[in-house]
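Have a look at the structure below before the remarks.
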Amino acid sequence: MHLGVFEVAGPQVGGTLSWSHPTSESLRYRDPDHWVAVARLLEDAGFDFLFFADGYGYPSRGGDLPAAAARDGLNFSGIDPMLLISVLARETSRLGFVVTSSTGVDHPLALARRFATLDHLTGGRIGWNVVTGASQDTIAQLFGHTTMVAHDTRYEMAEEFLDLCLQLWEGCWEDDALREDKAARVYADPDKLHRVEHRGRHYSTSGYFTVPPSPQRTPVLFQAGSSARGREFAAGNAECIFLQGTTMPHTAANVADLRARAAAAGRDPASVVALVGATVTVAATHEEAHAKRAEFEAMQTDEVAAIIYAGNTGIDLLALDPDRPLSQVTDDAGADPRVGQMGQSNIDRFRRADGSTPLVREVLAELRGRGTRGFTVVGDPGEVADQLEEIMDVTGVDGFLLEAIFSPADHHAFCELVVPELQRRGRLLREQDRRAGSGSLRERLGDGTSARLAPDHPGVRHVPVPAG
């Protein structure tokens, strides 16, 4: 079982309200010591990585920040988690770090340089969660654009963005180009450096990548899109895929679809690590766990759910007829053309097998207390372990991204109560039993035989190394 923790460098995570609870310390998100303590806790417990979601946007209603979003701290505000990684890497030695960064904001060269630097500074423990940006309406405004890019066009841009990053990471420096030979006074062998020439539809560059090859060269590629276009992109490129868990049959179908798409793209489907979100509330007894969960649910409202959902999808659920299906947002005459161009995953998650959608009041009921989170798991240590094992066995996922409601108290509870039980069952290795040499994040998540992106990965296979 692979385990990561899903966090944000902000007041709370997962599209719910929790920061004001007495046991939550998430308001310390600007304090590096807070994150150092979390990272050390996870490393000692044998977690694979700490995952930071990120984005420039915020919830929007009618083109502006809702007062309730500011008042309740709903996906507002936050700091840049990428700048925390160097601090956390200095205080750990094995834990991986995954950071979200959008393909729709920077030029590929700028992002490639930052991730290559982080791969050096972490000793090969960095991953990139590739996103196209869900809150595109607010991002467009923030960056001075009058319109947002269409959903599928953003993925077309992401394909080219990633291809260019791979050319920079994998195609410029040969493995032995960096000499650093003081006696011969040769820093780099010019015959083993290759100019990158790219003239694409969306991006262009001409020149040399200035960062020498890092331990992994390419960061581990994560992707979290669950829309049809997002799954296509993930199947062709991602090494680790983060799914939103709704029901076990729905998740199992998504896992099967992703692995089939990966095979169709010429990849080994078993090499793709599939993870699903899970909010685990655990205590020493069944009763204590459910009481803690009830405290959290009592804090949630329809307004909280609606604001978060609007920020991800552009749909204001409170403005819809509660007794009609969610599909009214696209079926009605005069429907907003922007709907579906933002967080398509958070629309498709409610689509049934027959293509229908539930009533709006039913959507609000599910979102209230769950937000954009995955599976809800509550109980004593044995019950939680049973539920996690069942999800893995039924859906085919390889592990979980844990989404705390009260951070870091939930992390402590899981590490103290659930990790020993999973180790006893053989689902988790004790840190001292892990194979030697698993220093990079790619090795930790993979088979331990490669310290860099496999040369037959589709993203590398078609990247030419220019002669001379």
Exercise. With sequence neighbours excluded, give me every ring pair (Phe, Tyr, Trp, His ring centres under 6.0 Å) pair touching residues 8-31.
Key: His21-Phe406
Quiz prompt | Main-chain N/O of Asp119 paired with Gln216 side-chain donor or acceptor, under 3.5 Å | solution = no
Self-check item: Pair Asp54-Met82, side chain to side chain contact (heavy atoms under 4.5 Å, CB included): steps then yes or no
Solution: CA-CA 9 Å; Asp54 190 32; Met82 186 174 280; over 6 Å; no
Quiz item: For the side chain of Thr357 and the backbone of Ser327, is there at least one donor-acceptor N/O pair under 3.5 Å apart?
Solution: yes
Quiz item: Counting N and O atoms only, with roles assigned by atom type, does the side chain of Glu159 sit under 3.5 Å from a partner on the main chain of Phe233, one being a donor and the other an acceptor?
Solution: no
Practice problem: Just do the salt bridge (charged side-chain N to carboxylate O under 4.0 Å, His left out) check on Asp302 and Arg361 with the steps written out, would you? | Solution: CA-CA 9 Å; Asp302 282 351; Arg361 67 170 66 257; over 6 Å; no
Practice problem: Any chance you could lay out the salt bridge (charged side-chain N to carboxylate O under 4.0 Å, His left out) test for Glu43 and Arg40, step after step, and finish with the verdict? | Solution: CA-CA 5 Å; Glu43 177 165 272; Arg40 286 175 172 169; over 6 Å; no
Quiz item: Given Phe400 and Phe414, is the ring-ring contact (aromatic ring centres under 6.0 Å, His included) satisfied, shown in steps?
Solution: CA-CA 13 Å; Phe400 300 92; Phe414 189 92; 8.8 Å; no
Quiz prompt | Thr279: side-chain contact (heavy atoms from CB on, under 4.5 Å) partners, not counting sequence neighbours | solution = Arg293, Arg373, Glu403, Ile405
Quiz item: How are the rings of Tyr58 and Phe76 set to each other: parallel, tilted or perpendicular (split at 30° and 60°)?
Solution: perpendicular
Self-check item: N/O donor-acceptor pair under 3.5 Å between Gln387 side chain and Glu383 backbone
Solution: yes
Quiz item: Do Trp35 and Phe52 have ring centroids that are under 6.0 Å from one another?
Solution: yes
Practice problem: Apply the test salt bridge (charged side-chain N to carboxylate O under 4.0 Å, His left out) to residues Arg201 and Glu160: give CA-CA distance (whole Å), side-chain angles for both, the deciding distance (0.1 Å), then the verdict. | Solution: CA-CA 8 Å; Arg201 181 176 178 182; Glu160 185 182 342; over 6 Å; no
Quiz item: Sub-3.5 Å donor-acceptor pair from the side chain of Ser26 to the main-chain atoms of Pro11, do we have one?
Solution: yes
Practice problem: Give a yes-or-no answer on whether the side chains of Arg125 and Thr92 include a donor-acceptor pair shorter than 3.5 Å. | Solution: yes
Self-check item: Side chain Gln12, main chain Asp72, donor-acceptor under 3.5 Å
Solution: yes
Quiz item: Can Asp48 and His2 be counted as having a side-chain donor-acceptor contact under 3.5 angstrom?
Solution: yes
Quiz item: Taking everything shown except Arg113 itself, do over 12 heavy atoms lie less than 6.0 Å from its CZ?
Solution: no
Quiz item: Would you say Arg94's side chain and Arg444's backbone share a donor-acceptor pair under 3.5 angstrom?
Solution: no
Quiz item: Got a donor-acceptor contact below 3.5 angstrom from the Arg370 side chain to the Thr246 backbone?
Solution: yes
Quiz item: Counting distance only, does the side-chain N/O of Glu156 pair as donor-acceptor with the main-chain N or O of Asp152 below 3.5 Å?
Solution: no
Quiz prompt | Any donor-acceptor N/O pair, Ser271 side chain to Asp268 backbone, under 3.5 Å | solution = yes
